[in-house]
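Before anything else, here's the structure in question.
This is a predicted model, so every value here is computed, not measured.
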Amino acid sequence: MRDGGRLAAAITVLEDMAERHAPARLALKTWGEGARYAGAKDRAAVAGLVLDTLRRRRSLAFAMGDERPRSLVLALARDGWGWSAERLRTAAGEDHGPGALNDEEVARLDASLALESAPPAVRGEFPDWLEPQMTRAFGLEAVSEGQALAQRAPIDVRVNTLRTDVGRALKALEAFGAHPVELSATALRIQAPGSGERAPAIETLPEFAKGWFEIQDLGSQVAAAMAGDIAHRQVLDLCAGGGGKTLALAAAMNNTGQLYAYDADARRLADTQRRAIRGGVRNLQVRSPLRPDALSDLVGRMDLVFIDAPCSGSGAWRRHPDAKWRLTPAQLERRMAEQDTVLAEGASYVKPGGAMLYVTCSLFCEENEDRIAAFLSRHPGFAAEPIAGDHVSENGFLRLTPRTAATDGFFAAALRRMTSD
């Protein structure tokens, strides 16, 4: 495909998303199934155009005075990807391109992108209705935090110490430019691919098949590490999902004690056992919600209940930029209710003296500090326990963001059961 075909394809995908209210991944898959002629580089370029456009949708629309996909993609290619005016004009007019530029498009694309007069939500690349939440969480840094969330994310790897060590993993990944990072001794980072470039195919390495490492954002790794010394303990991962943090917990336990993985959606557990086998995990029991009373024998027995709570996913907007445009106030309210429910459920499994670790990949106080305060008001037998380390707020909670920690956005709070409620 030439430049024009890639632009036209990205516009088509964005139009499909708007028409069907489809997630970006699904819309790209649908386009790819009908574009057998497109090579791997073409698909990477189209996906990059789509996702980068979604990351910067507010500022691009402001610059063009238009929110239509055509205008957004053209502005992204010019301002975000640095295409020259001549390259863009040529691409637009190609046989399979999106069509020649009109005079207004030329004028706007040739003008510099000046956002000084734009509202905070435009400069911060988030929906207007979320401005109160962003301002409450970050104050004067709300715009800067939003801009950091509009950048491409690096590729982070967690070295699985059940199978190898950091030195050997680093050697296996040296062709991709992997390097250690400060926040975790078992994390490696690979630079985000550039505009139109393909992400490195880490999963094709023999060492990946051997379970040497997992792809996992550094923030997620740090949040899991907040569980502390859990070797020889009884641990329940109550919202295990696909198992990323489950495997991190297993490595921290070094196959001692007992780890239980559960999720209310049985489909989300489908890969957990397979990934655990590949990773050399031997102390894991997967408990399916399809079985009655799947966790009844664990009530009051757990040293740690790890809750990776359902949330807005706002901390992962770098990786899933369409999510910030699909989030609604009603959805946020539902997530908050789900968080209250799962915290109350998790409390029942904690033994006296045991702990809960509440984690979200959300930026919002409404899903984080507010939920902890609400839980403690209803469960006087629990108390918040300050987390030690970097990126800890003055009230003892972990808060990671792309701007402050170069990770996805994560929150973690530790809760200790002092007595029975």
Just so I know, are the side chains of C361 and S220 near enough to count as touching, which here means a heavy-atom distance under 4.5 Å?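 They are not in side-chain contact.
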Looking only at atom types and distance, does a side-chain atom of E197 sit under 3.5 Å from a main-chain N or O of G194, one as donor and one as acceptor? yes
How about CD on Q191, more than 12 heavy atoms from neighbouring residues, nucleotides or ligands closer than 6.0 Å, or not?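 No, CD of Q191 has 12 or fewer neighbouring heavy atoms, counting only those of other groups under 6.0 Å.
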With rounding to the nearest 0.5 Å, note down the distance linking CE in M1 to CG in L7.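 Between M1 CE and L7 CG, I get 9.0 Å after rounding to 0.5 Å.
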Going by distance alone, is a donor N or O of one side chain under 3.5 Å from an acceptor N or O of the other, for R275 and Q273? no
If you draw a 6.0 Å radius around CZ in R168, do more than 12 non-hydrogen atoms from other residues or ligands fall strictly inside? yes
Do you know the tightest heavy-atom contact between C365 and R136?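 Of all heavy-atom pairs spanning C365 and R136, the closest is CB-CZ, 3.6 Å.
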Side-chain donor-acceptor contact under 3.5 Å, W31 with D16: no
Looking at W325, does the NZ or CZ of R57 lie under 6.0 angstrom from its six-membered ring centre and within 45 degrees of the ring axis? yes
Looking at A201, is its backbone amide N or carbonyl O close enough to the side chain of T204 to form a donor-acceptor pair, meaning the two atoms are under 3.5 Å apart? yes
Is T401 reaching over with its side chain to a backbone N or O of G409, donor-acceptor style, under 3.5 angstrom? no
Pair N254, T256: side-chain N/O donor-acceptor within cut-off below 3.5 Å: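 The criterion, which ignores hydrogens and geometry beyond distance, is not satisfied for T256 and N254.
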Under 3.5 Å, is there a donor-acceptor pair linking the side chains of T360 and E367?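 T360 vs E367: no donor-acceptor pair found between side chains.
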Out of R123, R403, R318, R399, which one pairs with E145 under the salt bridge (charged side-chain N to carboxylate O under 4.0 Å, His left out) rule? R403
Derivation and outcome, side chain to side chain contact (heavy atoms under 4.5 Å, CB included), residues L249 and D237: CA-CA 9 Å; L249 293 170; D237 187 352; 4.2 Å; yes
E207 and T164: side-chain hydrogen bond (donor to acceptor under 3.5 Å, both in side chains), yes or no, with the steps? CA-CA 9 Å; E207 292 84 359; T164 190; over 6 Å; no
Would you give the length of the straight line joining atom CZ of R78 to atom CG of L74, rounded to the nearest 0.5 angstrom? 11.5 Å
Measure from NZ or CZ of R278 to the centre of the six-membered ring of F208, then state whether that distance is under 6.0 Å and the direction lies within 45° of the axis. yes
CG on L49 to CG on L14, rounded to 0.5 Å: 9.0 Å
Can you tell which of Q221, Q216, E214 makes a side-chain hydrogen bond (donor to acceptor under 3.5 Å, both in side chains) with R158? Q216
Over 60° means perpendicular and under 30° means parallel, so classify the ring planes of H379 and F382, tilted if in between. perpendicular
Verify, without hydrogens or angle tests, whether N160 (side chain) and G279 (backbone) share a donor-acceptor contact under 3.5 angstrom.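 Side chain of N160 to backbone of G279, a donor-acceptor pair under 3.5 Å: yes, one is there.
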